[in-house]
Amino acid sequence: MLDMRVVVITGGATGIGASCVRAMAAKGYHVAINYYDQIQKANKLIDECRNMGVEAIAIPGDVSKDKECRKIVSQTIAYFNQIDALICCAGTTQHTQNDDLDSQNAEHFQRIYSVNVIGMYQMARACGIHLKQSSNGSIVNISSIASQNGSGSSLGYIASKGAVNSLTLALAKLYAPQVRVNAVLPGLVNTDWFRQNVGEQRWCQIKEDYMKGAALNAITEPQEVASAVAFLCVDAIKTTGQLLLIDAGATLGLNVNYSGGIE
C-alpha cells in the first residue's frame with residue numbers, strides 16, 4: 001500500500017461498528033478493532049479485513065476508563081505506528097419507559113454518559129496528537145436521531161446523544177485545521193443488539209411504526225450507516241462540525257398532500 005492509513009474503531013466487533021470495520025477496510029484502511037466482550041466476533045472481522053488486503057488487530061477495552069482508552073491507542077501505535085482516523089461506535093443504553101421518570105436514577109445516567117460521551121472524549125484526546133500528524137485526520141462519532149426528536153430507549157440515552165452532538169462541534173473547532181470532526185445520527189437501525197434487547201415481537205412493532213412515519217418508508221441497515229461514516233472519514237475533506245442524519249426521512253416525516261391526505 002503506497003499511502004498507508006490506519007483507523008481505530010471503538011465498539012467495532014458488532015452492529016454499526018462491525019459494518020464500519022468492513023467499510024473502512026474496503027477503503028484500504030488498516031483497522032484497530034476495539035471490543036468490550038466480543039472477542040470471537042472481533043477475530044472473525046480480522047480475517048475479513050485480511051481477505052480484503054488490509055491488516056487488522058483486535059484490542060479489548062472499556063472506553064469509559066481513560067487508562068483503557070490510552071491503552072487502545074498505545075497498542076495501535078505500537079502495531080501500526082500511526083492513526084489517521086477514529087470512529088467512535090461504542091455505546092450503551094438502558095431500556096426504560098420514558099414516561100416513568102423513576103425508572104432511571106443518577107447511577108444509570110452516569111453509566112450511560114461514561115460510555116457514550118466521556119468515552120468519546122477520552123478516545124479523541126488519546127488519539128489527538130496522532131490524528132494531527134496525519135494528512136487526512138478525521139473523527140466520526142456515532143450519535144442518534146434521539147438527539148433530535150427526544151425519543152429513544154431511555155432519557156439517559158437521549159440526553160447522552162445530545163451531548164455527543166455538542167462534543168462533536170466543540171472538538172471540530174478545537175482540532176481544526178488538522179483534524180475534521182463530524183457525527184452521524186442514525187435513526188432505527190436493523191441490528192441484532194437492538195432486537196435482542198427489546199425482543200422480537202416488540203422489535204417488529206417498533207419497526208412497523210417507524211416505517212409508517214418515515215418519508216422513505218424504511219429503516220436503516222448498519223452498512224448504510226457505515227457508508228456515510230466512511231465518506232466523512234475519507235472523502236469529505238472539506239467537511240467538519242456536521243451532524244449527518246441517516247434516518248430514512250423519519251425526522252422529515254410523511255409527504256402530506258393538503259388536497260386529500262398523505263401521499
Distance-only, no hydrogens or angles: does the [X] side chain make a donor-acceptor pair with backbone N or O of [Y] under 3.5 Å?
X      : Y      : value
Glu48  : Ala25  : no
Arg5   : Ser134 : no
Asn190 : Thr220 : no
Asn182 : Val140 : no
Asn116 : Lys161 : no
Ser227 : Glu224 : no
Tyr113 : Ala159 : yes
Tyr175 : Ala124 : yes
Asn34  : Ile59  : yes

*For the residue pair Phe231 and Leu244, establish whether any side-chain heavy-atom pair is separated by less than 4.5 Å.*
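No - every pair of side-chain heavy atoms lies 4.5 Å or more apart.
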*Is there a side-chain contact between Trp203 and Glu200 (heavy atoms, below 4.5 Å)?*
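A side-chain contact exists here, since the closest heavy-atom pair is under 4.5 Å.
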*Do you know which two heavy atoms are closest between Ala58 and Pro60, and how far apart they sit?*
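That closest heavy-atom pairing would be O-CD, 4.1 Å.
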_Shortest non-hydrogen separation from Ile112 to Ser154 and the atoms involved_ =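 In this case the closest contact between Ile112 and Ser154 is CD1-OG, 3.7 Å.
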_My understanding is that only one of Ile237, Val184, Asn141 makes a side-chain contact (heavy atoms from CB on, under 4.5 Å) with Leu232; could you say which?_
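Only match with Leu232 under side-chain contact (heavy atoms from CB on, under 4.5 Å): Val184.
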Interatomic spacing from [atom1] in [X] to [atom2] in [Y] - rounded to 0.5 Å:
X      : Y      : atom1 : atom2 : result
Asp84  : Tyr29  : CG    : OH    : 6.0 Å
Ile16  : Ile87  : CD1   : CD1   : 11.5 Å
Arg180 : Ser138 : CZ    : OG    : 4.0 Å
Met123 : Ile72  : CE    : CD1   : 4.5 Å
Cys127 : Gln122 : SG    : CD    : 12.0 Å
Ile57  : Leu45  : CD1   : CG    : 13.5 Å

*Can you list the steps and then say if Tyr36 with Val115 is a side-chain contact (heavy atoms from CB on, under 4.5 Å)?*
CA-CA 11 Å; Tyr36 182 63; Val115 176; over 6 Å; no
*asked:* Any salt bridge linking Lys212 with Glu208? Criterion: basic side-chain nitrogen under 4.0 Å from a carboxylate oxygen.
replied: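 Salt bridge present between Lys212 and Glu208.
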_Pairs involving residues 52-87, ordered by first then second residue, that meet ring-ring contact (aromatic ring centres under 6.0 Å, His included) (sequence neighbours left out)_ =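 Every pair satisfying ring-ring contact (aromatic ring centres under 6.0 Å, His included) with a residue in residues 52-87: His30-Phe80.
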*asked:* Checking Met24 against Cys49 for the side-chain contact (heavy atoms from CB on, under 4.5 Å) test, could you report, in this order, the C-alpha distance in whole Å, the side-chain angles of both residues, the deciding distance, and whether it holds?
replied: CA-CA 9 Å; Met24 293 301 288; Cys49 289; over 6 Å; no
*For Gln242, side-chain hydrogen bond (donor to acceptor under 3.5 Å, both in side chains) partners two or more places apart*: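 With neighbours one apart ignored, the set is empty.
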*Output, in order, the C-alpha distance, side-chain angles, deciding distance and verdict of side-chain contact (heavy atoms from CB on, under 4.5 Å) for Ile83 and Leu131.*
CA-CA 6 Å; Ile83 297 173; Leu131 292 170; 3.9 Å; yes
*asked:* Test side-chain contact (heavy atoms from CB on, under 4.5 Å) on Val63 and Glu68; report intermediate values, then the result.
replied: CA-CA 6 Å; Val63 298; Glu68 297 195 26; over 6 Å; no
